[in-house]
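Here is the naming used below: chain letters follow the sequence lines, and residue numbers restart at 1 for every chain.
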Amino acid sequence: MSIPIPPAGPSTTPGASVALDDKDLEGGLSLWQGAFRRLRRSPTAWCGAVIVALFVVVAAAAPLLTSYQPGSTQWAGDVTTTEIPGPSADHWLGLDRYGSDLWTQLVYGARQSLLYGVISTVLGLAVGATLGALAGGFGAVGGRFGTVVDATIMRLVDIMLAVPSLLLAVSIAAMLGQSGTAVVIAIGAAQVPVFARLLRGSMLAQGKADYVLAANALGLRRSRIVMSHMLPNSMGPTIVQATLNLATAIIEVAALSYLGLGAPDPAIAEWGRMLVAAQDRFDDAARLAILPGVAIAITALGFTLFGEALRESLDPRTRR
Amino acid sequence: MLRFVVRRLLLLVPVLIGLSVLLFAWVRALPGDPARSLLGERATDAGVERINEVYGFDRPLVEQYVSYVGALLRGDFGTSIQTGRPVTESFIDYFPATIELAVTALLFAVVIGVPLGYLAARHQGRWLDTTVVTGSLLGVVTPVFFLAILLKLVFANWLGWLPTGLRQDPRIDATHVTNFYVLDGFLTQEWDAAFNAMAHLVLPAIALGTIPLAIIVRITRAAVADVLNEDYVRTAHAKGLAAATISRRHVLRNALLPVVTTIGLQAGLLLSGAVLTETVFSFNGIGSYLFTAITRRDYPVLQGFILFIALLYCLINLLVDVVYGLIDPRVRAA
């Protein structure tokens with residue numbers, strides 16, 4: 001049996017749109033097309049995108065931006081207990097306390113932050129969204145089995161939410177030992193409950209939408225309604241959260257190394273560890289602490305700006 | 001109201017049971033023999049035997065879990081492998097410091113954040129609003145530990161206005177009754193000790209309070225802006241109510257709901273932020289205590305600490321829900 005079904009789209013809230021002119025009628029545009037169009041007009045989105053792009057380029061092209069190797073301590077002889085050589089022609093930002101080139105460390109640090117931040121967020125998103133989709137999907141379908149699956153998953157999520165996320169990451173990292181993998185798993189796992197909760201919530205909300213009712217009435221299989229109608233329409237807030245979480249993840253990667261839980265290899269440049277190392281050399285070389293901190297903050301700012309702009313462009317209330 | 005509180009308390013039970021199972025499994029999931037991995041490189045046969053005796057790692061798992069929960073219920077959160085000191089005892093020693101810090105930080109965030117967010121919403125699109133919004137964005141993206149380092153660098157190391165760390169100048173001969181140093185100063189009327197403790201609180205509290213401040217500003221601004229557009233506010237104006245009355249009775253009261261929730265949610269942020277802030281300022285609270293436990297891989301301490309924080313966090317969230325119910329009668333009914 002085949003019945004043509006109308007394209008799945010978001011339900012419009014009755015009475016939400018007032019006084020439309022031609023420009024407002026985004027007829028035929030999908031949710032994401034409309035969002036993209038609004039995103040292109042948003043200065044906030046552009047600011048965020050430029051910062052993120054710059055960060056990605058620096059991370060990818062690190063070997064081209066510096067002629068030195070990260071973690072190389074070949075100028076250690078120039079560093080004394082009272083003086084760390086400052087900026088010069090050879091070393092644009094000077095040396096750090098171990099005699100490495102600061103610019104090189106910063107540039108390679110971007111690589112580390114990007115790698116750990118992105119992988120951990122993708123990991124958290126994958127696991128969290130799967131759990132959320134299962135809970136939301138089964139919860140929306142209902143029935144005894146559906147309710148049990150939903151409740152079981154959400155109780156698990158509640159347990160994870162009972163521990164503040166940084167402390168959750170700290171305890172997982174402490175358990176897995178000092179390694180890059182441990183950091184990624186710890187920060188990823190700490191993000192799981194947020195994604196799970198968010199996606200479940202928006203899926204349950206979609207479950208009451210008219211188009212789901214219509215698809216039901218047409219006799220579509222429940223699994224198909226959940227997978228190809230409810231899920232795509234529920235992903236918006238989760239994607240926004242993932243963008244914002246990239247900022248948090250990058251800060252948390254630095255926080256874990258600050259607490260001594262990062263990857264132990266000194267040859268790998270990492271912004272958080274650079275901050276720790278700089279702490280007792282405040283008086284003679286404050287730049288050692290300031291520059292990595294500013295690098296973390298700017299990167300987080302880029303992802304935050306872009307995430308906020310994305311949120312606004314997906315929000316039906318701003319669709320004017 | 002009572003039924004509401006009781007139901008929320010009952011919902012906590014499965015969460016806490018689940019958490020205790022996970023924490024119980026945690027130490028036992030460490031690779032290899034748990035006693036050996038607890039002792040690390042210093043493991044000797046005698047040490048392993050002693051640990052097995054104390055923690056009962058050689059007994060059946062169910063028996064171990066039952067005695068673990070039994071101990072928890074008696075208030076025994078474990079014993080430090082490094083110092084042999086009960087975790088609960090250390091908490092009682094260090095906790096007042098963290099409460100003192102967290103409360104000061106939260107006060108700083110609320111007292112500045114709520115009025116600032118209100119003003120920004122009132123002047124939407126003007127320079128004050130733009131400045132506040134930009135400032136709060138910078139506040140959110142600056143890592144706590146970096147801000148702490150920066151504040152210490154500028155105000156303690158360079159300008160020398162405030163102390164670089166610790167809770168009180170060790171040269172001050174202060175009597176400690178409650179371990180809340182500021183309160184102790186007032187109780188014993190040792191004013192210099194009280195003021196000294198306060199001076200030591202300023203920088204850590206600002207560092208810890210900045211992210212909550214930024215979030216509170218943004219939420220307050222959004223909430224007030226929403227309420228200002230409501231019909232009932234227009235009606236209130238139309239029927240000739242004084243502007244001050246409308247602000248207080250209509251706008252603030254309704255805008256307060258999301259703000260209260262946000263303030264409650266910041267509790268978790270304060271607790272985890274305290275670990276980083278206290279580390280930077282060598283502020284002797286549970287944050288530095290946890291940091292020491294991490295560096296020494298003192299798993300029983302970590303285990304006890306996480307459970308303790310989770311318990312606290314759940315109770316704070318419960319408190320937020322109750323306050324929420326007090327402000328908004330609809331929540332109680334739900």
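Interface remark: of the candidates A/L166, A/T304, A/D158, A/L259, A/L259 forms the most heavy-atom pairs closer than 4.5 Å to chain B. Each of B/I306, B/L311, B/L307, B/L11 has some count of heavy-atom pairs under 4.5 Å with chain A, and the biggest count is that of B/I306. The candidate from B/L12, B/L302, B/V15 with the greatest count of non-hydrogen atom pairs under 4.5 Å with chain A is B/V15. Residue with the most contacts toward chain B among A/A286, A/P292, A/S171: A/S171 (heavy-atom pairs, distance under 4.5 Å). Your options are A/V294, A/I172, A/I296, and the one with the most heavy-atom pairs under 4.5 Å with chain B is A/V294.
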Could you walk me through whether A/L161 and B/Y313 pass the side chain to side chain contact (heavy atoms under 4.5 Å, CB included) check? CA-CA 10 Å; A/L161 278 175; B/Y313 190 43; over 6 Å; no
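Residues of residues 211-225 of chain B that come within less than 4.5 angstrom of chain A, heavy atom to heavy atom, are B/R218 in numerical order.
For A/I250, no part lies near chain B; criterion is any non-hydrogen pair under 4.5 Å. The contact between A/E308 and chain B is made entirely by side chain atoms (from C-beta outward), counting heavy-atom distances below 4.5 Å.
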Return a table of donor-acceptor pairs under 3.5 angstrom between the side chains of residues 141-157 of chain B and protein atoms on other chains or two or more places apart.
residue: B/T142; atom: OG1; partner: B/L138; partner atom: O; Å: 2.6
residue: B/K152; atom: NZ; partner: B/V280; partner atom: O; Å: 3.0

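Looking only at side-chain heavy atoms (C-beta outward), B/F305 and A/L167 come within less than 4.5 Å of each other. Side-chain contact check for B/L19 versus A/V163: some heavy-atom pair is nearer than 4.5 Å.
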